[in-house]
Amino acid sequence: MPYLPDARRYEKISHARSGRSGLLLPRLSLGLWHNFGDENNRNEARELILGAFDRGITHFDLANNYGPPPGSAETNFGKVLQQNLTAYRDELIISTKAGYPMWPGPYGDWGSRKYLLASLDQSLKRMQLDYVDIFYSHRPDPHTPLEETMGALVQAVRSGKALYAGLSNYGPEQTTAAAKILHELGTPCLIHQPRYNMIDRKPEQGLFAVLEKEGIGCITFSPLAQGILSERYLDGMPEGSRATRNIFLKSETVQRHRPMIQRLQATASARGQTLAQMALAWVLRQPAVTSVLPGASSMKQIESNLAALQNTKFSAEELAAIDAAVAGVDAAKAGPPI
């Protein structure tokens, strides 16, 4: 049977404007960093993508190196697009990025014009697309002039291979400088994608203020700190969980944070939310934040995440309780941002 999306999908989710642009994004988007590569079940990945769209999630976020292996998430997403979503392309926001290592040699990393535009061409080929909606510089390049990197984003837009330009992992000063160049070149920065969660609050140190001043939207990644801010690790280390694989999230990091998780869970329960729902709502309470970008490994997770949108308001007492719970983690031993 051909795929037909739920006719009431847009009644199931709210949207917000990305900065001062004309583009609305769903308050909850879907990140394809993990669970969509060749090492994962492709039928399950397809069900997640289509199930998300059925629930009004129209924004799918990728990067050239997503997988594993790198590139396979785009390839697999492209197959779902061609087989099931071609008729709905104009209802979708598809984003990709370039900036981290992708192929050998001096031209497969960082932010040169050579790398960014070659990477975009490769991403379009993998996804079987003529254009993406958003193309990001995935990280600032300390060795390439900012004018060159931003010029490559402008060229991507002018060529019709991207509709909007975005930044990811840029600090406040870098964002200010990049936004100025993009504005002068006639391609304003649409959106910024930083890491932000209850544990890693670096964007509060100037970035959010810059985004609001410049009229740039914000979509935050790692809102659940790779699953630490969820119920998964409340009582132990479930078999098959990300922490047991010790790739990006280490088991010892989870163990150091478990007392904090348990304290946060008490506040979430008092709000009538799961810990993951409270963590997503906490991010979305920020005026600068347009959308939040969790991943997912099941439809149950997606549905639970969407329920977070039902309550994104916090009392002063709840915010104080969250701050106190997080402050109980020994920062010197907590490890790198997650």
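Atom CZ of residue Arg263 and atom CD of residue Gln265 lie 13.0 Å apart, to the nearest 0.5 angstrom. Atom CG of Leu319 and atom NZ of Lys313 lie 12.0 Å apart (nearest 0.5 Å). Between the CG atom in Leu229 and the CD1 atom in Ile261 there is a gap of 7.0 Å [rounded to 0.5 Å]. Between the CD atom of Glu148 and the CD1 atom of Ile181 there is a distance of 11.5 Å, given to the nearest 0.5 Å. Phe208 CZ to Arg201 CZ: the interatomic distance, rounded to the nearest 0.5 Å, is 11.0 Å. Going from atom CG of Asp141 over to atom CD of Gln174 covers 10.5 Å, rounded to the nearest 0.5 Å.
Comment: Arg139 engages Asp109 in a salt bridge, judged by a side-chain N to carboxylate O separation of less than 4.0 angstrom. A salt bridge links Glu11 with Arg8: at least one charged nitrogen is closer than 4.0 Å to a carboxylate oxygen. Using a cut-off of 4.0 Å between Lys/Arg side-chain N and Asp/Glu carboxylate O, Glu214 and Arg20 are scored as not salt-bridged. Between Asp121 and Arg126 there is no salt bridge, since no side-chain nitrogen of the basic residue lies less than 4.0 Å from a carboxylate oxygen of the acidic one. With respect to the salt-bridge test (charged N to carboxylate O, under 4.0 angstrom), the residues Arg89 and Asp130 do not qualify.
Checked by atom type and distance alone, the side chain of Arg27 pairs as donor or acceptor with a backbone atom of Thr290 at under 3.5 Å. Judged by distance alone, the side chain of Gln155 and the main-chain N or O of Leu117 form no donor-acceptor pair under 3.5 Å. Of the possible donor and acceptor atoms, none in the side chain of Glu147 sits under 3.5 Å from a partner among the backbone N and O of Ala178. Under the 3.5 Å distance criterion, the side-chain polar atoms of Ser298 are matched with a main-chain donor or acceptor of Gln301. Between the side chain of Ser230 and the main chain of Gly227, a donor-acceptor pair closer than 3.5 Å is present. The main-chain N or O of Gly37 is found under 3.5 Å from a side-chain atom of Asn40 such that the two form a donor-acceptor pair. Looking only at distances, a side-chain donor or acceptor of Thr75 sits under 3.5 Å from a matching main-chain atom of Gly71. Without hydrogens or angle criteria, Gln82 side chain to Gln128 main chain gives a donor-acceptor distance under 3.5 Å. A donor-acceptor contact shorter than 3.5 Å links the side chain of Ser72 to the backbone of Asp38. For the pair Thr149 (side chain) and Gly111 (backbone), a donor-acceptor distance under 3.5 Å is present.
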>> With side chain to side chain donor-acceptor pair (under 3.5 Å) as the criterion, how do Ser18 and Tyr164 come out once you've worked through the C-alpha distance, each side chain's angles and the decisive distance to 0.1 Å?
In response: CA-CA 11 Å; Ser18 184; Tyr164 299 97; over 6 Å; no
> Going through the checks in order, is the side chain to side chain contact (heavy atoms under 4.5 Å, CB included) test met by Asn84 and Leu81?
Replying inline: CA-CA 5 Å; Asn84 305 107; Leu81 282 174; over 6 Å; no
> What's the verdict on side chain to side chain donor-acceptor pair (under 3.5 Å) for Ser29 and Asp61, showing C-alpha distance, side-chain angles and the deciding distance?
Replying inline: CA-CA 8 Å; Ser29 301; Asp61 181 80; over 6 Å; no
> Should Glu74 and Lys125 be marked as a salt bridge (Lys or Arg N to Asp or Glu O under 4.0 Å) after you check the CA-CA gap, both sets of side-chain angles, and the distance that decides it?
Replying inline: CA-CA 9 Å; Glu74 289 184 328; Lys125 184 176 181 180; over 6 Å; no
> Is there a side chain to side chain donor-acceptor pair (under 3.5 Å) between Ser222 and Gln226 once you walk through the steps?
Replying inline: CA-CA 6 Å; Ser222 198; Gln226 299 192 56; 5.2 Å; no
>> Quick one, Thr187 with Leu153, criterion side chain to side chain contact (heavy atoms under 4.5 Å, CB included). Give me CA distance, side-chain angles, the key distance, then yes/no.
In response: CA-CA 8 Å; Thr187 303; Leu153 294 183; over 6 Å; no
>> Using side chain to side chain contact (heavy atoms under 4.5 Å, CB included), reason through Lys202 and Arg195 one step at a time and then give a plain yes or no.
In response: CA-CA 8 Å; Lys202 191 174 181 180; Arg195 176 192 285 111; over 6 Å; no
> So Arg17 and Leu23, side chain to side chain contact (heavy atoms under 4.5 Å, CB included) or not? Walk me through it.
Replying inline: CA-CA 6 Å; Arg17 193 165 301 281; Leu23 187 68; over 6 Å; no
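Residues Thr175 and Leu207 form a side-chain contact, since some pair of their non-hydrogen atoms from C-beta on lies under 4.5 Å apart. Looking at heavy atoms from C-beta onward, Gln277 lies out of side-chain contact with Arg271 at the 4.5 angstrom threshold. Under the 4.5 Å side-chain criterion, counting only non-hydrogen atoms from C-beta, Leu264 is in contact with Met198. Side-chain contact check for Met260 versus Ile228: some heavy-atom pair is nearer than 4.5 Å. Two residues are said to be in side-chain contact when any heavy atoms from C-beta on lie closer than 4.5 Å; Ile216 and Leu190 fail this criterion. Gln193 has its side chain out of reach of Leu167: every pair of non-hydrogen atoms, C-beta onward, lies at least 4.5 Å apart. A heavy-atom distance below 4.5 Å is found between the side chains of Met102 and Pro70. For the pair Leu85 and Leu92, the minimum side-chain heavy-atom distance is below 4.5 Å.
For the residue pair Thr267 and Ala321, the shortest heavy atom distance occurs at OG1-CB, 3.7 Å. Across all non-hydrogen atoms, the minimal contact from Leu30 to Ala296 is CD1-CB, 4.1 Å. Listed here is the closest heavy atom pair of Leu25 and Ile191: CD1-CD1, 3.5 Å. Here the closest heavy-atom approach between residue Leu120 and residue Ala156 is recorded as CD2-CB, 3.5 Å. Between Arg285 and Tyr196 the shortest heavy-atom distance is NH1-OH, 3.7 Å. The two atoms that bring Val289 and Val283 nearest to each other are CG2-O, 3.7 Å, heavy atoms only.
Leu28 and Leu48 end up in the same hydrophobic cluster when Ile, Leu, Val, Met, Phe, Trp and Tyr side chains are linked at under 4.5 Å. Using a 4.5 Å cut-off between side-chain heavy atoms of Ile, Leu, Val, Met, Phe, Trp and Tyr, with links allowed through other members, Tyr66 and Phe36 fall into the same hydrophobic cluster. Side-chain heavy atoms closer than 4.5 Å link hydrophobic residues (I, L, V, M, F, W, Y) into clusters, and following such links, possibly through other members, connects Leu284 to Ile13.
For Asn64 and Ser123, the side-chain atoms include no donor-acceptor pair closer than 3.5 Å. Inspection of the Ser95 and His59 side chains reveals an N or O donor paired with an N or O acceptor under 3.5 Å. Side-chain contact check for Tyr170 and Ser137: at least one donor-acceptor pair (N or O, by modelled atom type) lies under 3.5 Å.
When the ring pair (Phe, Tyr, Trp, His ring centres under 6.0 Å) test is applied to Tyr136, no partner is found at least two apart in sequence or on another chain.
Pairs passing the ring pair (Phe, Tyr, Trp, His ring centres under 6.0 Å) check and including a residue from residues 70-118, sequence neighbours excluded, read Phe53-Tyr88, Phe60-Phe77, Tyr100-His138, Trp103-Tyr115.
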